[in-house]
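The structure appears right after this line, and notes come after that.
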Amino acid sequence: MQRRRFHVAGTVQGVGFRPWVYRVACERGLSGWVGNDEHGLVFEVEGPAADLDALAHALAHRPPPLALVERVDVRTVDSLFEPGFRIVASSSADAGDARVSADVAPCGACLREMADPDDRRYGYPFVNCTDCGPRYTIVKAVPYDRPATTMSSFALCADCQREYDDPLDRRFHAQPVACPACGPVLAWSGPGGPQTGPVALGAAVRCLRSGGIVGVKGVGGYHLACDAGNAVVVDELRRRKGRPDKPFAVMVLDEHAARQLCELDDASARALASARRPIVLAPWRGGPQVSASVAPRLTELGVMLPSSPLHVLLLQALDRPLVMTSGNPVDEPVLHRDDDARERLAPLADGLLLHDRAIHVRADDSVVRGTRDGAVQVLRRSRGWVPQPVRLPIPAGQPVLAVGAHLKSTVALGVGASVVVSEHLGDLTSYATYGAFTAAAHHLVRLSGSRPALVAHDLHPDYRSTRWAVESGLPLLEVQHHHAHISSCLVEHRLSSTVLGLAFDGTGLGPDGTLWGGEFLLADLAGFVRVGHLRPVALPGGEAAVREPWRMALSWLHRTLGPDVAAREGVGLDDRWAAVQSVVASGRAIETTSVGRLFDAVAALLGVGRRVSYEGQAAVELEALAGRAGPGTAGYELDVAGGVLDPAPLLAALLLDRDRGVPVEQLAARFHRSLARAAADLAEQLASQHRVDTVALSGGVFQNVLFSRLLGDRLRARGVRVLEHRDLSPNDGSISIGQAAVAAARTAAGGLDP
Ligand code: ZN
Ligand code: ZN
Ligand code: FE
């Protein structure tokens, strides 16, 4: 006979781990107890050594499906000879490093109950169990127990309490457990007057069916929903949201319905149906069920399955795809509080479908995209992923808070070998997003229980995240934007050796004071050397050049083909071409090596997105155009000398072909192929020159699946190892994790010079 104490760290709370231990212990007749503490799961078991070994084996090989075990510590303790096995209350603590699970989509068993007229949860939109339901978004503190969630205000009825207390019930210690007798209640505010209870659903359905726009409270925030097949209401939604072009996502009931709208490969279908329930971008079949204005001029559609039982009921009642776009005023984070929704979402919606289970932390829908090679790439890592930790290749010597970039902002907290990245926050220019950013930073610190010893931030002094870091009073560590990009790719591949990093994106400040974005960096986690880059050009008008890609076209032509060609083209680009050209000619505009802005310039020259309403729109439309081209026409040349990639000959040839009447689809495809080939050639040359065999691709440009594939294939064909993003986004959403990895490597390497 022996007694052992187990400590299990990782994502072990709110995932049914205590009942799992209880059941295994009872099956083998072991005595002892199990509970949560501020570090994770803790239990003591007493019995024959062989049975204790069997339990340890089960723990290692078949833990509860939602658990992520990071570490197990076991030690032998004195036998107590107590009878039976029990689940003890959590030891209370203000903070700890216990990990909360991400939110989980409704499971099959719960959906069957919801559909069963004889079940007491028939038609109940808040059904959940140990294997499913809200988690991260309802947790206020750790340890994860009902009093620490937004369910604390709902007292369990006798039936729910019985399920909660019965170790053999599938709701044993399921913290958000609820039923119509004791749990949250739906409410409607809109046409027909306020309603509560199941009738609220009917009112929302009638409003949607008659062409209305409804604010729907989801898992991590509000959506604005409308009939996806009704072009009039989709356009009205665009008008109200102030969002003329950016594609909307569509929610459908099941995979079968999704396949009617999109072509799904296996990886995309798996992602779609996974418990994380992200938006999946996939080739769009067209058809009347979804209006063309849902994703204007694009060949892909974002589709998702219900992430809550309420969505299931809505879609069952409507039996048609719904637009589901985040419920927020333009440039602000998704709204998640009822008072905000009533005040700020009501003007955008014809009615609100809400309920009284509070969302404590917002979490936008995550977005993934099929890569056509049997995988998906995460583009936005938020609901369903947060707060799942990521492992650092080099553990942090002291806790580090990384505050990310400016657009697609996230924050990250690294403690030891693991780092947790916050939900997607958005563009920090908006005051509301900045508020969400500070709240997320504090919440991460609170959930971890570790006080950060330093703050990693971007070089750009004007980013709000940088200013927040400076004002924090903590020791600071600057991380260059593109070094952070490449580092995030190294984190994903658990690599700490030196690679050649290709960081292609919009812009980020370089140490030389220019705006980088087409960089070839010899890098490891601790540092980098710039060994190549795109030819620099003027960025006329700063931010205006992002909104008006024609400015970049003018700038590129002026620099590469001369003022006369630029002037000739300028007339066709915009009325203000002369003023902008004089700025370019003056040499006063800041210089940029951004590949993202080169995509913008080429798009404008081909008549695509001369003015855009969201960042990257011109590039996205250019990729869609290239995707419509037939197979393989020859590409153009680019000059490569001294590590500088110069697209001058490409631009000249492109204009010539365009004026000859070559279809723009062909030209867009040729541009993709030519740039990818030249970048791969330069990368291969630099890699062999600096004796590295691995190339890492990061930055927002690598969201372009076509360009990534062309570049990656060419490198792989030459025997180069290529690291690409899959689980972490290539865009600025991963800057915080890259910064954390750099800070960890530098602190591990023997402390910082203040
Ligand atoms: Zn369930
Ligand atoms: Zn109940
Ligand atoms: Fe970037």
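Whatever order the structure lists ligands and atoms in, that order sets their numbers, starting from 1.
The number of protein N/O/S atoms found under 2.8 Å from the Zn ion (ligand 1) is 4.
Residue Phe154 forms a side-chain contact (heavy atoms from CB on, under 4.5 Å) with just one option from Pro184, Cys182, Cys160, and that option is Pro184.
Between Gln617 and Arg547, the side chains place no donor N or O within less than 3.5 Å of an acceptor N or O (distance only, hydrogens not considered).
Minimum heavy-atom separation, Pro461 to Thr466: CA-CG2, 4.1 Å.
In this structure, Arg530 forms a cation-pi arrangement with Trp516, its terminal cationic atom sitting closer than 6.0 Å to the ring centre and no more than 45° off the ring axis.
For Glu591 and Arg535, the salt-bridge test fails: no basic side-chain N is under 4.0 Å from an acidic carboxylate O. In this structure, Arg120 pairs ionically with Glu163, as a charged nitrogen and a carboxylate oxygen lie closer than 4.0 Å. The pair Arg383-Asp103 does not meet the salt-bridge criterion, since no charged nitrogen lies less than 4.0 angstrom from a carboxylate oxygen.
Centred on the Zn ion (ligand 2), the angle running from Cys157 (SG) to Cys160 (SG) is recorded as 110°, rounding to 10°.
Side-chain contact between Asp458 and Gln739 is present, with heavy atoms from C-beta onward closer than 4.5 Å.
Among the atoms of His485, an N, O or S atom is found under 2.8 Å from the Fe ion (ligand 3).
Nearest N, O or S atom of Asp505 to the Fe ion (ligand 3): atom OD2. Looking only at its N/O/S atoms, Asp732 has OD1 as the one nearest to the Fe ion (ligand 3).
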